[in-house]
Each structure stands twice: as C-alpha cells, then as structure tokens.
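Structure first, then comments.
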Amino acid sequence: MRLTLTTWNINSVRLRIELVADFLQSVQPDVLCLQETKCPDDAFPLKRLKQLGYEHVALNGQKGYHGVAIVSKLPFDATDIRVFCDKLDSRHISVAFGAKAGLAAPLIVHDFYVPAGGDIPDPEANPKFAHKLSFLDEMKSCEPLHPRGDARHILVGDLNVAPHENDVWSHKQMLKIVSHTPIECEKLLAVQSEGNWIDVARERIPLSEKIYTWWSYRAADWAASNRGRRLDHIWVSSALKDAVSDYQVLRDARGWERPSDHVPVTVVLDV
DNA sequence: ATGGTGGCATGGCCA
C-alpha cells in the first residue's frame, strides 16, 4: 500500500482552511500532520475536512497558541498525546495505523511542534531558549521515540531547528540565530541518532544542497532574498528506510495568497 | 545595526 503523508505548519488552521482544502484536493495525501493550528479542539474545522474525505482527525489544540492535529483518510487504531517539560502546551500528538487502516503491521506517526525558543540564544538569559533545549533533551530520552528492530515509525513536524549548514541560507550569519545555534543543532541530531531515525530529506538530497521549508514574513521579497531555513522535518525509523519513494517540498505554497510562513513537506512510502 | 510581518487572548505576546 502506498501512503502519502504531509507535514505543514499552517499558522492558524481556521484562517487558512481554504488553503488546506486546496492543498488536499490537489496533492491528496492520506495523512496531513499540522502544527500551529492555534485552535481549541471544539473550534477545529472538522466539517470542511470531512467534505474533502478526511474523516479521521486527532486533535491536541489550545486557544491562540501552538496546537497540533493529524488529519487522515485512513482510520486510526489509537491516538496518544505526550506532555514535555511538564507544560500543558499542545506540542505533540501521535496516532497508530493498523488493522483498521488495512495494514498488516502497525505504523506509528508522531507529530511535533518544538518550541521556537525566542530570540536570545542563551538559556540563562532566555527561559524560552532553555525550554527549547530541555524539550529536545526530553525527546532524546523519550522511550516511545526509540523505534527498535522492525518497528515502523514516522516522526514529523516543525522541529524549529535547521541542523545542517545547508539547512539555512547562510551558515555563518546564522550561527548565533536561534534555530541554527550549535547547541540546538547538536541536540536535535542527538534526538535523531538516539532513536536511529533517518532524516528523509538528507537521505535523498545531499548535504551540499540547500533545502528550505520556511521563509520569514519579514522579508520584503521572500522569493528574491530566499533567506530560508529547513525547520520542518520528516524522519522514519530504519525499518522504513527503503520504503520511501518520494520527498517533496512545496515551495510554491509560500507564494500563495495569505500564506503560512512554512510550506507543506510530503513523503511517499510503501507500507 | 536595526527592524522588518503576521496571528490571536486585539494588546502584548508569540512566532
């Protein structure tokens, strides 16, 4: 079975529900993982998604900030929410696909919204940066994020770190900018290696090539200046390494009317 | 070096 999965930081799902609808109609992913929904669960635009054939939705939202959701054509066998750093922020949700989705073996999808970390890259001076670093440390020690053997797991989301030199427009100019400081890059890569995760983007596109998934709203002309960062990630467990058949960053979406500052990132797998 | 834009608890946060 061919499974198409997209991750997208939507920056308000209610404001951009028609962008989501257009995307779903054109790309038709089986599963869409959203971040920054900024929407309480009882206000989530379920009806519009059901009209489009996405009848299964797992929600972890809150008013105004953060919020993650998994929207799916396929039913879930189970859903779970984890709390990090003892904060009630809505930053994680996971679902398990299995028999109900017609799969012989389970497939777990984790959807994350890692804290952005504020502006000052010093955990002493900036509690938001301290929170980000602690969050990454907890992800590293989180047992459910350590798929072993033939376990089939996918971890996606806005991880708010661009870990490699060509994940940002200028490595040198970004070294003291939160999202590309050495400490957080090391911590994100430690999460990755602790769980034996495979970074799908860098499995397919060499480290020498630039990849971005986010462009600031503050640029006068985002496309001309092209000062992007790769903040949105798709990782798969080693059992799924050879299952990946495609990976796409939909850069065009940054140029849509009233866009999110992040674009959809899509993977296709044989499951 | 600074400030630039966008969203929502619409006014001060957060990104």
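FYI, side chains are in, hydrogens and waters are out, and symmetry mates aren't considered; it's all heavy atoms of this structure. Throughout, protein chains are lettered first and strands after them, A, B, ... in sequence-line order, and every chain is numbered starting at 1.
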Open item on the list: Between A/R254 and A/W222, is there a side-chain heavy-atom distance shorter than 4.5 Å?
Closed with: yes
- [ ] Would you mind reading off the distance between A/D221 atom CG and B/dG4 atom P, rounded to a whole angstrom?
- [x] 18 Å
- [ ] Pick the P atom in B/dA9 and in B/dC14, then give their distance to the nearest Å.
- [x] 15 Å
Task: Length of the CD-P vector between A/Q62 and B/dG7, whole Å - done: 18 Å
TODO: Assign each of A/D158 and A/Y217 to its nearest nucleotide of DNA chain B by heavy atoms, then name whichever residue's nucleotide is nearer the 5' end.
DONE: A/Y217
- [ ] Pick out which of A/R202, A/K210, A/R229 makes a side-chain hydrogen bond (donor to acceptor under 3.5 Å, both in side chains) with A/D167.
- [x] A/R202
Open item on the list: Expressed as a whole number of angstroms, how long is the span from A/E36:CD to B/dG7:C1'?
Closed with: 9 Å
TODO: Determine: side-chain N/O of A/S12 to OP1/OP2 of B/dC8, distance under 4.0 Å, yes or no.
DONE: yes
TODO: Please state the C1' separation for the pair B/dC13 and B/dA1 - nearest whole angstrom.
DONE: 25 Å
Please list, pair by pair, any protein nitrogen or oxygen found under 3.5 Å from a nitrogen or oxygen in nucleotides 11-14 of chain B.
unit_1: B/dC14; atom_1: OP2; unit_2: A/K128; atom_2: NZ; d: 3.0

TODO: For A/E186, enumerate each residue passing the side-chain contact (heavy atoms from CB on, under 4.5 Å) test, keeping only those at least two apart in sequence or located in another chain.
DONE: A/P182
Open item on the list: Base, sugar-phosphate or nothing for A/R16? Non-hydrogen atoms, less than 4.0 Å.
Closed with: sugar-phosphate
- [ ] To the nearest Å, give me how far apart CG (A/N11) and P (B/dC8) are.
- [x] 7 Å
Task: First encountered from the 5' end of DNA chain B, between A/R258 and A/H262 - done: A/R258
Task: B/dG11 versus B/dG6 - spacing of their C1' atoms, nearest Å - done: 14 Å
Task: Cluster check A/L24, A/V57: I/L/V/M/F/W/Y, side chain < 4.5 angstrom - done: yes
Open item on the list: In this structure, how many angstroms lie between the P atom of B/dG7 and the CG atom of A/N9, rounded?
Closed with: 12 Å
Task: ring-ring contact (aromatic ring centres under 6.0 Å, His included) pairs, two or more places apart, involving residues 175-194 of chain A - done: A/H171-A/H180
TODO: Quickly work out the A/R14 CZ to B/dA9 C1' distance and round it to whole Å.
DONE: 11 Å
Task: Within 6.0 Å of CG in A/D86, more than 12 heavy atoms from elsewhere - done: no
TODO: Report the distance from atom CH2 of A/W214 to atom P of B/dG6, rounded to the nearest whole Å.
DONE: 13 Å
TODO: Report the distance from atom CD1 of A/I120 to atom C1' of B/dT2, rounded to the nearest whole Å.
DONE: 15 Å
Task: Whether A/Y113 and A/H66 hold their rings parallel, tilted or perpendicular, with breakpoints at 30° and 60° - done: tilted
